[in-house]
Each structure stands twice: as structure tokens, then as C-alpha cells.
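For reference, the structure is listed below as C-alpha cells.
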Amino acid sequence: MMFSLVDIGLNLAHDSFDHDRDRVVSEAVTAGVRHMVITGSSLESTRAAIAIARASPQLFRATAGIHPHHAREFADSEVQELRSLLLAPEVGAAGECGLDYFRDYSPHEDQERVFRLQLQLAVETGKPVFLHQRDGHDAFVGILRDYLPRLAGGVAHCFTGGERELRECLELGLSIGITGWICDERRGQHLRDLVRQIPLDRLMLETDAPYLLPRDLSPRPPHRRNEPKFLPHILATVAGCRGEPPTVVAAATTANALRFFGFEP
Ligand SMILES: [Zn+2]
């Protein structure tokens, strides 16, 4: 069966794709992934994501942002550059930005400062936000609430939280991005039940490639690298958990993503 899908979170600028990026993209397109959003997680990866998107604007959008892991290195002198990157026509959202208290690579103070700064830039530039959050839900929601009324929307990318977190994200008006985490029979079990509670008009799909290779792929690829061509597998899992036809989930998630990231209709 053929779908037209959007991978809303793909780290295509990652160096693991340097030797075969074009092949990875063409195999994804062949598999039905007709649009991809390339995640920017630092100034450097954002510049690279925009360059890739600029070469094929019908296929790609980029995000422009600083991942919480990199918050400690982000200097106030770099705000102007981030603002101008955000204004590039290829950029569909601000981020990824948010809080990661799981890995804690940056002090919380830096993470919160750089998160607020990016929410403010998103408000100023009119871009929606691509949000990352792990183990910091309450602080995340507390900060987000200050900006939401002025934001052009947000998606909680790679949502892996519990029921209360999901309910609060939905109440805030956020869309929810689901990755291959849901294909993990151990740590993804709770998501299989929760995914039914996401309204179809708030759901989007993503691989987060090269990370988060779905655990139940068969046959398993010889390398550990995830690729956007595996998005239909995530679609099948999500549709199965929801008890809906894959065609219905594909059409809705694609329409949501095209609108959210500003692809031409
Ligand atoms: Zn993330």
C-alpha cells in the first residue's frame, strides 16, 4: 500500500548520513515519505539543515534551534544569528528546544534560559515550536504557559511521557509527535495505550533518525542507524494501536504536518 507521509523529525545533517545522504532520502521517498523536516539542534546543525532544505524545498523544511543538551554552550552573542536563521524561508519551526533533565548535559539554569529565549524568538518570528522534553515536564509546562498565547503552535516531539503529561500537553493545545519508541515492546508499552487518546488532528509521525531505530523491524537492518524509510513501519504500529486503518492515520498526520511546518499545499 502506498502512502504520502511526512517525517517531522529527522536529523539528516548528522554525520552518520554523510556518506549516503542522497540514497537515504531517495529510499525514503520511494517508501512513501514524501516530505521531511530536518531537525536543527545547534547553530551548526541548523545551518546544515537549512542548506539541505534549500537545495530541495519541495521535499524539506528545517527547524532552527538549540537542543537543551547544547544550552550551556549557547552564548547571548549568538542570539542574533539564531534569529536570522529562524527567518529563513526553509525554516518551518523553532527548535528543537525544551528541557532534558534525563541526560542533564547542561545545567537546568542554562536549559531554562535558552528555552525561554527560543520561545521568545518563536513569538517574534511567528514560527511554531518543535519541543523536546524528558524528565522535566512540570518545569517545561510552567515555562511554556508564559508564551503559548502568543505562539503559532507547538509540537511535543518524540513524546514518551505518561497519561498526565499527555493530558496536559493536549490541554495546552500542543500536537504530539510519535516515534519508533512505540515499537519497543518494553519501554514503549504505555505509549501503545496512550496513543489512542491523541485526537487525530493533533497527531504527527517521526523517526528521529539516525536515533531510535524501531526495535521490532524484521529483518533487522545490519547497522543500528535509523532511517526515514522506516516511517511506514511506525505508521503501521500507531494505526494498529489506535484500531484505525493506516490510510486514515496517514492522511491525517500528513495533513497536520504539512500545515504545521508550512509546506505548500
Ligand atoms: Zn529531541
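First listed ligand is number 1; within each ligand, the first listed atom is number 1.
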Salt-bridge criterion met for Asp110 and Arg72 (N-O under 4.0 Å)
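Judged by the 4.0 Å cut-off on N to carboxylate O distance, Asp110 and Arg72 do not form a salt bridge.
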For the Zn ion (ligand 1), the nearest N/O/S atom on Glu96 is atom OE1
Determine which of the N, O or S atoms in His132 is closest to the Zn ion (ligand 1) and give its atom name.
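Restricting His132 to its N, O and S atoms, the minimum distance to the Zn ion (ligand 1) goes to ND1.
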Sort out for me which residue in Leu151, Val141, Leu131 forms a side-chain contact (heavy atoms from CB on, under 4.5 Å) with Leu174.
Leu131
Counting backbone and side-chain atoms alike, is an N, O or S atom of His157 positioned under 2.8 Å from the Zn ion (ligand 1)?
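So His157 counts as coordinating the Zn ion (ligand 1), yes.
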Within the stated cut-off of 2.8 Å, is an N/O/S atom of His67 closer than that to the Zn ion (ligand 1)?
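It does not: His67 brings no N, O or S atom closer than 2.8 Å to the Zn ion (ligand 1).
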Regarding Asp208 and Thr179, is there a side-chain donor-to-acceptor distance under 3.5 Å anywhere?
no
Side chains of His14 and Asp18: is there a donor and an acceptor less than 3.5 Å apart?
no
